[in-house]
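Throughout, a chain's letter reflects where its sequence line sits, starting with A, and its residues are numbered from 1. Everything quoted here is computed from the prediction, not taken from an experiment.
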Amino acid sequence: MFLMRLSRWIVPNVSKNHGRCAAVAGGVLLLAAPARLNALPAYPEFGESLVFQFNGLVVVFLALGLIWGLMEALGFVFRRIAARDAARALLAPPPVVATPATPPDPAPVPTIDPVILAVVAAAVHRTVGAPHRIVGVTALTDAVDWSREGRRDHFQTHRIR
Amino acid sequence: MLSGLIDFFHTTGFTLITWKMVIMWGVVAVLLWLAVAKGFEPLLLVPIAFGALIANLPTRGVITAQMRPDGVYESATFKIYGQILPNAPAADGLAADPTRQVLKVERVEGGLFDFISQGIKLELFPPLIFLGVGALTDFGPLIALPRTILLGAAAQFGLFVTFMGAGFMGFTSKQAASIGIIGGADGPTAIFLTNHLAPELLGAVAVAAYSYMSLVPLIQPPIMRLLTTAKERRIRMKSLRHVSKLEKLIFALLVLVICVLLVPDAAALIAMLMLGNFLRECAVTERLVKASQNEIINILTIFLGTSVGVTMAAESFLAPATLKIIVLGVVAFGCSTAAGVLAAKLMNKLSPNTPINPLIGSAGVSAVPMAARVSHVEGQKYDKNNYLLMPAMGPNVAGVIGTAVAAGYFLSTLGR
């Protein structure tokens with residue numbers, strides 16, 4: 001039962017008949033294996049070969065697993081540092097500005113071109129479709145998203161054989 | 001006059017053509033057709049095919065090394081002309097050693113590929129190509145999602161399965177390891193390992209490796225679809241976090257140290273890969289990065305391809321072993337793909353709250369970036385707004401490291 005469930009998990013897109021055929025084929029291969037043992041070179045023998053393969057996989061997983069563990073730890077540290085810097089930036093008092101003798105003209109409040117607002121609203125309506133409310137429109141300052149989008153666009157232009 | 005013409009005819013190459021050579025011309029034509037007309041890995045298949053053509057023509061002055069019965073060219077066949085200077089003083093300035101003689105070399109004779117092929121025989125080209133690969137690779141997606149590195153490890157399963165399969169088919173353990181490495185889909189590593197363990201198979205292994213790398217979009221999707229449900233293929237992954245420059249630099253050093261400590265035999269490959277990557281990420285060696293990404297890797301690709309092609313002489317290539325290698329190569333590739341996908345599914349079972357799309361598991365075979373693109377394209381067939389390209393690059397570049405480590409393991413255990 002467990003084996004059946006395991007095989008269904010491994011190969012979900014196969015009918016029961018195909019599954020039986022595969023099981024029979026696997027059994028035949030297993031039965032045929034001892035007959036082919038004498039075809040193996042003197043070193044390694046069958047048992048040695050199994051151990052050799054297992055050891056090889058262990059070495060590969062050990063190397064990459066170590067890198068994984070260390071990178072997780074490193075990532076954790078870097079994320080903590082980034083979060084701490086962000087929190088400090090929020091808590092930092094605003095810079096003291098010397099009061100000029102005559103108050104300057106009030107700085108112009110940045111406004112968004114109504115045309116851009118209309119384009120954004122139309123794009124949101126087209127993408128989301130369902131009833132929605134736009135609560136804010138902010139210019140992206142992080143260039144990563146744009147470069148990622150550009151890369152995605154670039155890859156999509158390639159014809160995949 | 002007629003006898004003169006007959007004598008001249010005997011000096012031409014026509015009398016040296018054999019039927020095996022003619023068959024190899026057909027093989028060359030197929031390789032060129034695949035590369036030029038179909039666009040399958042043309043950067044490598046064109047030089048390899050040309051090298052194979054050179055090897056199967058009665059050339060003079062191109063390669064003078066004698067071929068052994070097993071198809072390997074002897075390396076030390078240079079003719080060196082010079083004078084022996086007896087009783088020359090020792091180089092360190094001490095008294096002359098009567099047993100020592102110094103040869104003043106005046107001329108070294110050898111064919112063009114006697115010299116160029118030294119890059120493979122001395123195992124120079126694959127590590128130097130890895131320098132360029134490192135300079136071209138962005139490990140950012142892997143660092144942002146480190147657990148995908150395990151998919152690159154799982155995809156090495158095909159190597160070891162094929163090792164056993166090759167043993168069943170009568171190959172020696174060294175040959176079996178060289179054939180199994182095809183499953184890693186990493187040409188330079190395959191050449192590096194095969195040259196070390198089974199140089200007689202170099203041509204067949206290289207052709208199989210590069211051919212299957214170019215056929216990734218045909219080989220992988222059926223296996224990916226077989227092993228996943230439609231629901232799994234629609235899994236969306238979180239956007240990757242931004243990775244700082246310092247993280248990337250530490251990663252390069254970390255990988256180098258860990259891999260070299262574990263498998264010193266892979267040091268040449270890993271060291272050059274990470275040197276190239278460090279040059280790229282440190283952002284202060286722009287000229288070196290450009291050279292690594294362009295001139296160095298391009299020149300070496302020409303030399304590597306033609307040197308590999310030159311080993312495809314009819315005597316060694318037209319053998320039943322070649323056909324077996326072609327079959328075993330696709331088995332290795334298929335098993336690696338399946339193992340990557342299944343490992344991703346297993347990770348989802350163990351960590352259901354942060355699922356990963358199993359389609360990116362297939363990218364654990366190296367074949368950068370083709371395998372990642374295949375994962376992306378397959379994912380988009382089931383969800384047009386699912387962008388798997390960057391998440392798939394993680395296991396894809398992890399596969400490069402994994403294959404190099406596996407090659408180091410084979411070298412450590414079989415290369416002695």
Report task. Measure B/Ala176 against the heavy atoms of chain A and call it side chain, backbone, both or neither at under 4.5 Å. Result -> neither
Query - Contact leader toward chain A among B/Gln380, B/Gln175, B/Glu247, B/Gln156, where contacts are heavy-atom pairs under 4.5 Å - result: B/Glu247
Report task. Please indicate whether A/Arg80 has more than 12 foreign heavy atoms, meaning atoms of other residues, nucleotides or ligands, lying under 6.0 Å from its CZ. Result -> no
Query raised in the report: Do you know the tightest heavy-atom contact between A/Ala63 and B/Val405?
Result: CB-CG1, 4.0 Å
Requested in this report: Give a yes or no on whether A/His132 atom NE2 has more than 12 heavy-atom contacts from other residues, nucleotides or ligands under 6.0 Å away.
Outcome: yes
Report task. Side chain from CB out, backbone as N, CA, C, O: work out which of these in B/Val263 comes under 4.5 Å of a heavy atom of chain A, or both, or neither. Result -> side chain
Report summary line: Residues of residues 388-400 of chain B with a heavy atom under 4.5 Å from any heavy atom of chain A, in residue-number order, are B/Leu389, B/Met390, B/Ala398
Requested in this report: Hey, could you give me the CZ/CZ distance between B/Phe160 and A/Phe54, rounded to the nearest 0.5 Å?
Outcome: 11.5 Å
Query - Nearest heavy-atom neighbours spanning A/Leu64 and B/Gly402 - result: CD1-CA, 3.9 Å
Query - Interatomic spacing from CG in A/Asn55 to OG in B/Ser412 - rounded to 0.5 Å - result: 12.0 Å
Query - Between CG on residue A/Leu74 and CD1 on residue B/Ile250, distance to nearest 0.5 Å - result: 4.5 Å
Query raised in the report: Between atom CD1 of B/Ile143 and atom CD of A/Glu72, what is the distance when rounded to the nearest 0.5 Å?
Result: 12.0 Å
Query raised in the report: Can you name the closest pair of heavy atoms from A/Met71 and B/Pro146 and give their distance?
Result: CB-CB, 4.0 Å
Report task. Flag yes if more than 12 heavy atoms outside B/Phe139 fall under 6.0 Å of its CZ atom; otherwise flag no. Result -> yes
Requested in this report: State, with a plain yes or no, whether a side-chain heavy atom of B/Phe251 is found less than 4.5 Å away from one of A/Ile67.
Outcome: yes
Query - CD1-CH2 distance between B/Ile258 and A/Trp68, expressed to the nearest 0.5 angstrom - result: 13.5 Å
Query raised in the report: Where do B/Phe163 and A/Ser49 come nearest, in terms of heavy atoms and distance?
Result: CE2-OG, 3.6 Å
Query raised in the report: What part of B/Leu254 is in contact with chain A, defined as an atom under 4.5 angstrom from a non-hydrogen atom: side chain, backbone, both or neither?
Result: side chain
Query raised in the report: What part of B/Tyr409 is in contact with chain A, defined as an atom under 4.5 angstrom from a non-hydrogen atom: side chain, backbone, both or neither?
Result: side chain
Query raised in the report: Any idea which heavy atoms bring A/Phe52 and B/Thr413 closest together, and the distance?
Result: CE1-OG1, 3.1 Å
Report summary line: Turns out that what part of B/Tyr387 lies under 4.5 Å from chain A's heavy atoms comes down to side chain
Query raised in the report: So with a 6.0 Å cut-off around NZ of B/Lys381, is the heavy-atom count from everything else above 12?
Result: yes
